[in-house]
Amino acid sequence: MSVDWSIIPQFLPQLFNGAKMTIYITLVGLVGGMIIGILAGLMRAYGSRLVNFIALVYIEVIRGTPIVVQVMFLYFALPVLASVRIDPLSAAIIAIIINAGAYIAEIVRGSLQSISPGLREAGLAMGLPRWKVLALIVGPLAFRRMIPPLGNQFIVSLKDTSLFIVIGVGELTRTGQEIMASNFRAVEIWTAVAVIYLILTGVLTLMLRVIEKRMRIL
């Protein structure tokens with residue numbers, strides 16, 4: 001069978017629908033992951049010994065297991081263990097939230113702890129409460145340092161959505177597989193899927209570089 005690139009346009013609407021699902025899962029998952037990651041990062045950086053330990057266990061368990069195992073646990077094991085059945089899309093979003101949250105937590109912790117203690121002490125010496133020192137002095141400086149590693153994590157999470165093919169979520173990779181199964185045009189379809197992923201990650205990278213440039217310390 002020869003390669004025929006002219007067939008790609010007729011499948012683009014289906015592939016774009018798959019890409020929309022990929023973007024939706026990524027965005028919702030990363031918003032949730034940022035919330036959990038910031039909380040767990042603060043627990044690691046400033047929490048008591050018990051709070052720090054709880055955050056550490058969460059981070060190490062999640063980082064020590066593949067995301068595909070986590071989503072299969074949510075989808076297949078949770079109904080058995082807790083009689084809680086989750087639809088495939090919800091399982092995929094929860095998996096991204098939990099997985100990204102663990103990695104973002106370490107990014108937050110490392111960035112906060114990289115700020116000189118002298119700045120925090122200066123803020124406290126000025127009579128500012130701890131939360132204001134964190135919100136007005138340490139937080140903004142730490143956020144600038146978080147942007148590059150956060151960008152890497154966002155791109156990884158976007159590509160991780162392709163693993164949700166194992167539970168039948170209709171994202172981009174699953175859509176490409178279904179089209180390919182109907183016409184066996186593997187070269188053309190997987191090339192189109194790869195190009196769409198490159199466009200998505202390229203746009204995300206560009207946006208993060210713009211944010212990084214605007215927040216650069218001169």
Q) Are Glu212 and Arg144 close enough for a salt bridge, meaning some N to O gap below 4.0 Å? A) no
Rounding to 0.5 Å, atoms CG (Asn183) and CD1 (Ile189) come to a distance of 5.0 Å
task: Verify the cluster assignment for Ile93 and Ile23: are they in a single hydrophobic cluster under the rule of side-chain heavy atoms below 4.5 Å apart?
output: no
Handout entry: Distance-only donor-acceptor check, side chains Thr161 and Glu171, under 3.5 Å
Key = no
Item to complete: Is it possible for you to say whether Ile96 and Tyr103 belong to one hydrophobic cluster, with membership spreading through side-chain heavy-atom contacts below 4.5 Å?
Response: no
Taken to the nearest 0.5 Å, the spacing of Leu136 CG from Leu134 CG works out to 9.0 Å
*asked:* Within the 4.5 Å heavy-atom criterion, are Thr26 and Thr22 side-chain neighbours or not?
replied: yes
task: Kindly say whether Ala40 contributes a backbone atom to a donor-acceptor pair with the side chain of Tyr58 at under 3.5 angstrom?
output: no
Rounded to the nearest 0.5 Å, the CZ atom of Phe154 sits from the CD1 atom of Ile104 at a distance of 5.5 Å
Arg174 meets the salt bridge (Lys or Arg N to Asp or Glu O under 4.0 Å) criterion, sequence neighbours left out, with Glu178
When hydrophobic residues are tied together by side-chain contacts of less than 4.5 Å, even through go-betweens, does Val31 share a cluster with Leu208? no
Quick one: does any side-chain atom of Glu106 pair with a main-chain N or O of Gly41 as donor and acceptor, under 3.5 Å? no
What one should report as the nearest heavy-atom pair of Leu89 and Met21 is CD1-SD, 3.7 Å
Spell out, yes or no, whether Leu56 and Val108 are grouped together once hydrophobic residues are joined by side-chain heavy atoms under 4.5 Å, including indirect joins. no
Exercise for review: Kindly indicate, with the supporting measurements, whether the criterion side chain to side chain contact (heavy atoms under 4.5 Å, CB included) is fulfilled by Phe11 and Thr175.
Suggested key: CA-CA 10 Å; Phe11 296 111; Thr175 304; over 6 Å; no
With sequence neighbours left out, the residues meeting side chain to side chain contact (heavy atoms under 4.5 Å, CB included) with Ile8 are Trp5, Leu12, Glu188, Ala192
Value for CD1 (Ile147) from CD1 (Ile211), rounded to nearest 0.5 Å, stands at 6.5 Å
Side-chain contact, heavy-atom cut-off 4.5 Å: Tyr46 with Val51?
no
dist Arg109:CZ -> Asn52:CG (nearest 0.5 Å) comes out at 9.0 Å
When rounded to the nearest 0.5 Å, the distance separating CG of Leu163 from CD of Gln70 is 10.5 Å
Handout entry: Side-chain H-bond candidate by donor/acceptor type, Asp87 with Ser90, under 3.5 Å
Key = yes
message = Taking CZ in Phe76 as the centre, count heavy atoms belonging to other residues, nucleotides or ligands within less than 6.0 Å. Is the count above 12?
response = yes
Quick one, Leu141 with Arg145, criterion side chain to side chain contact (heavy atoms under 4.5 Å, CB included). Give me CA distance, side-chain angles, the key distance, then yes/no. CA-CA 7 Å; Leu141 292 173; Arg145 298 183 182 183; 5.8 Å; no
*May I ask whether Val156 and Leu158 are part of the same hydrophobic cluster, defined by side-chain heavy atoms of I, L, V, M, F, W, Y residues being less than 4.5 angstrom apart, directly or through others?*
no
*Side chain of Thr201, backbone of Tyr197: donor and acceptor closer than 3.5 Å?*
yes
